[in-house]
Amino acid sequence: MTPLLQQFLSEARDFLQSIGEKLLQLEDRPGDAELITELFRLVHTLKGNSGLFDFPELSGVLHAAEDLMDAVRDGRIAFARGLADQLLETMDFVAILIEEIESNGVYATARRQEAQRLTQSLRNAVSREETAEPEPPAADAAETAAPTEPRSRALAGTPEPERMALYRRLAAGERLTWAAYRPEEECFFKGEDPLYQLIQAPDCCWRAVSAREAWPAIAELDAYRCILDFELITTRGEAELLEHFRYTQDQLELAALRPWDLMEPVGERVEGPALADFVQAARERLAAGDREGLECAARTLLELTASDQRVASILRWLLLALELEPASVETHARLIETLAADAGETLASHAAAPETGAAGPPEDPDRVAVQRELWEVQREILALPDAPDWLPGRLRAVTASLAGLVTSLGREELLPGLDAASEQALASADAAPLHHWMETAWPEWGPAPGLTSGGPAPTALTTPPSDDEPKFGRRAEDALPGPRILKVDQGKVDRLMGLIGEMVVAKNALPYLAARAETQFGAREMSREIKAQYAVINRIAEDMQDAIMQVRMTPISFVFQRFPRLVRDLTRKMGKEVKLVMEGEDTEADKHIIECLTDPMIHIVRNSLDHGLETPEERRGAGKPPTGKLTIRAVQESDRVRIEIADDGRGIDPEHIRRKARERGLIDESRLERLSDQEAIDLVFAAGFSTAEQVTDLSGRGVGMDVVRSAIAKVKGTIDLKSQPGVGTRLRLSLPLSMAVTNVMIIRSHGQQFGVPMDDVIETVRVDSAAIRTIKRHRTAVLRSRIVPLVPLNELLGLPDPPRPNGDGAYATLVVRIGKEPIGIMVDDFRETVDIILKPMAGILDGIKGYAGSALMGDGSVLLVLDPKDLLS
Amino acid sequence: MSKTILVVDDSATMVMSLKASLEMAGFKVETANDGVQAVGKLKSGVKPDLIITDINMPNMGGIDFIRAARGLPGLRFTPILALTTESQQAKRDEAKKLGATGWLVKPVGGADLLKVIKQVLPGA
């Protein structure tokens with residue numbers, strides 16, 4: 001799998017998650033435009049990404065979903081529950097595809113049909129609601145703009161022989177396309193480069209640039225406004241040109257080049273009587289189909305006409321047309337009619353062009369300002385701090401500008417000095433000599449305080465020329481906004497976790513070493529130093545452990561996020577109405593614990609929906625609002641997370657439980673009588689207890705609350721159930737934040753050491769042998785005014801020795817809580833408590849009951865850690 | 001000297017794909033996850049020769065980003081390509097109006113991408 005595909009899959013999963021959430025939120029707030037936009041964005045991006053790979057079905061389905069969302073966003077379709085169902089189903093399907101791609105690289109071919117069905121139903125949803133599909137075929141728009149009469153002044157201005165050459169090509173059957181590209185005035189601000197576009201246009205046989213309007217005076221000239229029109233003729237077709245100018249199609253005019261477009265007569269208009277006669281004769285010959293006669297007459301007239309006359313030009317075209325396209329009577333007629341029109345005009349108006357030309361630039365008051373500005377610009381250019389490869393070119397350009405400027409100021413005597421400075425600058429590849437020349441040649445224009453002109457200043461650098469800092473120097477990157485989140489493979493964190501565990505164990509060896517240094521080698525000084533060093537390492541190790549634990553912390557929303565969907569789907573199926581309230585989603589706990597929480601919590605929520613909450617009718621009957629309420633809340637309490645799942649449903653009826661328990665034979669009659677209501681309710685946690693009257697497809701999956709409890713217990717959590725018939729049920733889970741490190745108390749019994757998790761220990765007491773009573777063959781003692789049964793550890797472990805009292809005849813007793821009841825475990829002696837990394841039993845030891853796991857001690861020995869709950873059950 | 005291209009897209013997949021194609025073609029690639037981050041990059045001294053931006057992004061979308069970028073000094077003439085899908089004619093027009101040079105249609109294949117870049121980036 002390529003990294004790109006991996007990235008796509010991981011991102012797709014995030015997207016699907018968000019899409020699901022957003023869809024549910026949208027059901028609560030159907031009109032929320034922001035939400036709809038966001039939803040569209042997610043689907044859109046996902047679809048866009050899918051296109052990078054060859055998963056046509058995946059893309060197809062997403063595309064249809066995107067179109068649907070687009071229609072919703074544009075208000076063409078109202079968002080309704082049905083649509084949400086459809087989209088959710090689609091996203092579920094996409095999730096399946098993603099999973100399959102993840103594990104097999106492809107999805108099953110059988111998915112195709114399903115994809116087709118989904119795509120179709122999404123498409124139907126769009127078209128059903130929507131009548132007219134406003135899909136303007138974009139490419140055709142330019143096509144239909146019918147070519148009109150040309151139009152091209154630039155083409156007319158092209159020398160006749162050139163146009164004639166083009167005409168020959170046309171007549172030879174070549175297809176030529178004429179295009180006019182009229183860029184927007186603001187085009188430079190869109191990053192367009194019209195000239196470059198023109199130059200890049202393929203296979204041009206003719207190009208022209210012309211100004212759209214008269215050039216303004218230089219002071220008013222806005223160099224950032226494009227007033228140029230471009231034209232070209234190419235052998236390529238219109239489609240290719242459209243593709244080339246794809247971003248500026250609206251500024252493009254296209255037409256197939258026609259002969260007539262080229263036949264613009266040029267020259268002076270002169271009227272002569274012979275012309276009228278010729279026109280008359282030519283019309284007759286054309287009508288009679290006498291081409292030869294026409295040609296002959298035209299040739300004769302051409303010989304009589306000065307070649308720079310307009311008439312001559314028309315005749316030349318006529319002759320060429322007769323030669324190249326003898327059949328094209330229409331063209332011939334047109335040319336003759338042009339002649340006729342000329343003949344009809346009696347006024348030779350040839351005075352138009354030359355008269356306005358020679359006036360010359362007037363003495364503009366702005367002129368000085370412009371000159372000064374030009375001067376300043378050159379100075380700025382010279383002051384640029386960089387030294388690019390093209391520095392010589394830049395220096396030459398500046399020299400040329402300065403030379404022009406000096407000339408326009410009438411100070412030609414300065415030119416030799418400029419030349420010398422330029423030579424020098426080029427030789428040393430340094431702007432300084434030119435700069436120096438500017439300072440001395442024109443001292444009155446020394447460093448300007450600012451530009452005097454109000455004209456468009458070309459990105460004026462009004463900073464001093466030397467040691468100029470680049471304006472946008474790279475600053476510290478950390479100014480960048482956005483959360484800095486690192487996605488790390490879980491394996492890496494686990495490895496880090498394992499290493500820190502070993503570190504903790506290794507550091508625990510130091511106190512042993514210190515003790516040995518003192519007792520075995522008598523080096524007290526050394527012993528103290530080792531202990532001091534140990535304190536330092538211990539602190540660092542603890543900080544490190546804490547930091548890594550923080551990395552593993554995951555917000556509980558990981559579990560919570562699936563509930564909105566779950567609740568929605570289940571209640572819909574059961575015909576119930578439930579409002580889900582979630583609080584404290586950002587509460588964090590160790591990833592492992594969060595993960596272990598998922599299944600039990602889903603089970604609890606299912607139970608609540610299935611058994612706890614009633615249908616709207618039932619609720620109304622009970623005088624409750626028809627919509628039930630399910631609250632899921634997480635809070636952190638010191639080093640534990642507490643999760644509460646509460647509903648306001650029918651609650652658990654203790655009588656009902658008692659009856660069930662009796663039916664199942666879970667408990668004997670006599671004990672059943674004595675059970676308090678709470679104790680009866682707690683029976684739901686008993687193995688083999690399932691209260692469902694009928695097995696529904698929801699919670700009746702052969703998993704009871706006993707499994708929930710043991711799953712919670714596995715991560716050292718507790719579960720607590722409170723219920724009041726008719727009012728509701730509340731389940732409370734309490735879990736440790738992290739279970740990476742276990743605090744255990746070391747005890748001795750039968751000459752061996754064992755660890756007992758401190759979580760399980762309520763207190764340690766020494767029970768005087770005299771205080772031990774035997775009730776019904778069980779040893780008991782009264783502790784804190786409660787009767788507590790006592791069990792020797794040796795007995796639990798099947799060791800032959802009786803518990804050994806200490807010198808005062810007292811037994812070391814560990815009081816642990818099993819369920820609600822405290823029980824005392826008699827051991828030989830207590831030792832210190834230590835932090836250990838508990839490793840579960842593995843291999844053949846896995847099946848041994850009564851042990852939570854093992855840990856490596858600082859001195860290299862192995863400590864077996866007991867699981868009192870397991871031992872005593 | 002290789003040209004720098006700033007790629008702005010909220011989807012890491014798209015960024016990864018574009019980056020790979022562009023780098024293979026010898027461009028230097030800077031990336032940002034949304035408009036806000038992209039503007040931050042531009043302000044912090046990244047000077048791209050070309051910007052390719054997605055349209056639909058959280059925080060600051062492509063349309064707003066193009067507007068913002070055109071307002072920054074030194075970026076008035078930098079070509080900007082909008083990443084769109086074939087269905088987003090309206091967005092294209094809007095982007096164009098705000099100063100985008102052109103658009104790319106997702107998914108962008110390597111060859112197409114370079115062809116378009118050649119069209120808008122002289123000397124590339």
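Each chain gets a letter, A, B and so on, in the order its sequence line appears, and its residues count up from 1.
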Of the backbone (N, CA, C, O) and the side chain (C-beta and beyond), which part of [X] lies under 4.5 Å from a heavy atom of chain B, both, or neither?
X: A/Gln197; result: side chain
X: A/Glu34; result: neither
X: A/Asn49; result: both

Can you name the closest pair of heavy atoms from [X] and [Y] and give their distance?
X: B/Asn56; Y: A/Phe40; answer: ND2-CE2, 3.7 Å
X: B/Asp10; Y: A/Glu11; answer: O-OE2, 3.9 Å
X: A/Tyr196; Y: B/Leu121; answer: OH-O, 3.7 Å

Within residues 16-27 of chain B or reaching into it, pairs that qualify as salt bridge (Lys or Arg N to Asp or Glu O under 4.0 Å) - sequence neighbours excluded:
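Checked against salt bridge (Lys or Arg N to Asp or Glu O under 4.0 Å) - neighbours excluded - the pairs reaching residues 16-27 of chain B are B/Lys19-B/Glu23.
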Enter the distance from [X]:[atom1] to [Y]:[atom2] here, rounded to the nearest 0.5 Å.
X: B/Lys115; Y: A/His244; atom1: NZ; atom2: NE2; value: 10.5 Å
X: A/Leu52; Y: B/Leu18; atom1: CG; atom2: CG; value: 8.0 Å
X: B/Ser11; Y: A/Arg41; atom1: OG; atom2: CZ; value: 9.5 Å

Can you pull out the residues in residues 59-68 of chain B with any heavy atom less than 4.5 Å from chain A?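 The residues closer than 4.5 Å to chain A amount to none at all.
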> Given the options B/Ser17, B/Pro79, B/Ala12, which has more heavy-atom pairs under 4.5 Å with chain A than any of the others?
Replying inline: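 Most heavy-atom pairs under 4.5 Å with chain A: B/Ala12.
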_Contact class of B/Leu81 relative to chain A, heavy atoms under 4.5 angstrom_ =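 The side chain, not the backbone.
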